[in-house]
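When a ligand or atom number is given, it counts from 1 through the structure's own listing order. Each residue takes its place number in the sequence, starting with 1.
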Amino acid sequence: MRPLAIFGGTFDPVHLGHLSVAWEASELLDADVRLMPASVPPHRPAPTANAAQRVAMLRAALQKQGRLAVDTRELERSGPSYTIDTLSELRAEQGDRPLVLLIGADAFAGLPSWHRWQALFEVAHIGVLSRPGVEAELPAALLAEIAARRVDDAATLRSLPAGKVIELSVTPLEISATRIRELLAEGRDPRYLLPCGLFDDPAVLAPYRNA
Ligand code: ATP
């Protein structure tokens, strides 16, 4: 069955690193991908752009293609959005369809600090996206948890609803939202690190220029 993949993040702002790895993951897994902006990320400082602004940037970025969509459910919930709650909700909606949580290699190494992280494997697979500049030294608890879960081929993943871990070798792009926010705050114009739709309306990037 064609999997549904979820790519969560702050997307403050969404950049070509996010979009390119999400696109390639969609191709490698033959999956639909939903980019899911987080409202109150449990481990992160508050985003510079508010929720509505981050959604507007995602919508502007995702025009004229059919593989990637935006899912705003975490923004509509009050309180912290734990990934386990979101995935459990999706599991209830999607029946036995394979679900894949896409995580960058940096975020994956920190998985054991996530709320009920081991339960994630009961509701979804995890697809780990390679990210340049990340020395992925995995903690022992995570290595032990994934030892019997690793698979190399997407076909295995498609045949089960949850429980496997796959490394997805995506084209390395050393782009981060932190760097983009710095450039914008300095009055620079990171035009080709961001999707061109973000430049159509000058108001879209204003929160970062005035930060
Ligand atoms: P920040 O610099 O603000 O921390 P970010 O660029 O890491 O932001 P997030 O919204 O925090 O972006 O990331 C969401 C997800 O995207 C995370 O799983 C992260 O690892 C992944 N990700 C972001 N940029 C890349 C990239 N260039 N290559 C691979 N994965 C990425």
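Not one N or O of Glu174 is nearer than 3.5 Å to an N or O of ligand 1, by distance alone. Backbone and side-chain nitrogen or oxygen atoms of Gly104 are examined, and one is located within less than 3.5 angstrom of a nitrogen or oxygen of ligand 1. The distance criterion of under 3.5 Å between nitrogen or oxygen atoms is met by Ala177 with respect to ligand 1. For ligand 1, the polar-atom distance check against Phe11 finds a nitrogen or oxygen pair separated by under 3.5 Å. For ligand 1, one of its N or O atoms has an N or O atom of Ile175 under 3.5 Å away. Geometrically, ligand 1 and Thr10 share a nitrogen or oxygen pair separated by less than 3.5 Å. Checked by distance only, ligand 1 and Val21 stay at 3.5 Å or farther apart across all their nitrogen or oxygen atoms.
Of all the atoms in ligand 1, the ones that sit under 4.0 Å from a non-hydrogen atom of His15 are 6 (O), 24 (N). For ligand 1, the atoms lying closer than 4.0 Å to a non-hydrogen atom of Gly9 are 10 (O), 14 (C). Proximity to Gly17 (heavy-atom distance under 4.0 Å) selects the following atoms of ligand 1: 27 (N). Every atom of ligand 1 is numbered from 1 in the order shown, and the set under 4.0 Å from a heavy atom of Ser176 is 2 (O), 6 (O). Close approach of ligand 1 to Gly8 (heavy-atom distance below 4.0 Å) involves ligand atoms 14 (C), 15 (C). Of all atoms in ligand 1, listed by their number and element, those nearer than 4.0 Å to a heavy atom of Arg181 are 3 (O). Of all atoms in ligand 1, numbered sequentially from 1 with element shown, those under 4.0 Å from a heavy atom of Asp106 are 19 (C), 20 (O). Remark: ligand 1 atoms within the under-4.0 Å shell around heavy atoms of Thr178 are 1 (P), 2 (O), 3 (O), 4 (O).
Here the side chains of Ile166 and Leu168 are in contact, with some heavy-atom distance below 4.5 Å. Residues Arg97 and Pro161 are not in side-chain contact: their nearest non-hydrogen atoms beyond the backbone lie 4.5 Å or more apart. Residues Phe7 and Ile103 have side chains not in contact (no heavy-atom distance under 4.5 Å, counting atoms from C-beta outward). Gln65 is listed as a side-chain neighbour of Trp23, based on a closest heavy-atom distance under 4.5 Å.
Atom CG of Asp152 is surrounded by 12 or fewer heavy atoms from other residues, nucleotides or ligands within 6.0 Å.
Ring geometry for His115 against Tyr82 counts as tilted: the plane angle lies between 30° and 60°, on a 0 to 90° scale. Taking the six-membered ring where the residue is Trp, Trp117 and Phe121 present perpendicular rings, their angle passing 60° and hence far from 30°.
At a threshold of 4.0 Å, the pair Arg73-Glu93 counts as salt-bridged, since one of the basic side-chain nitrogens sits closer than that to a carboxylate oxygen. Electrostatic pairing of Arg2 and Asp30 counts as a salt bridge here, judged by a charged N lying under 4.0 Å from a carboxylate O. Residues Arg67 and Asp32 are not paired through a salt bridge, judged by the lack of any N-O separation under 4.0 Å between the basic side chain and the carboxylate.
Within the structure, the closest approach of Ser130 to ligand 1 falls below 4.0 Å when heavy atoms are considered. Between Phe7 and ligand 1 there is a heavy-atom distance shorter than 4.0 Å.
Between His18, Arg131, Met36, it is Arg131 that holds the heavy atom closest to atom 7 (O) of ligand 1.
Side-chain contact check for Glu24 and Thr171: at least one donor-acceptor pair (N or O, by modelled atom type) lies under 3.5 Å.
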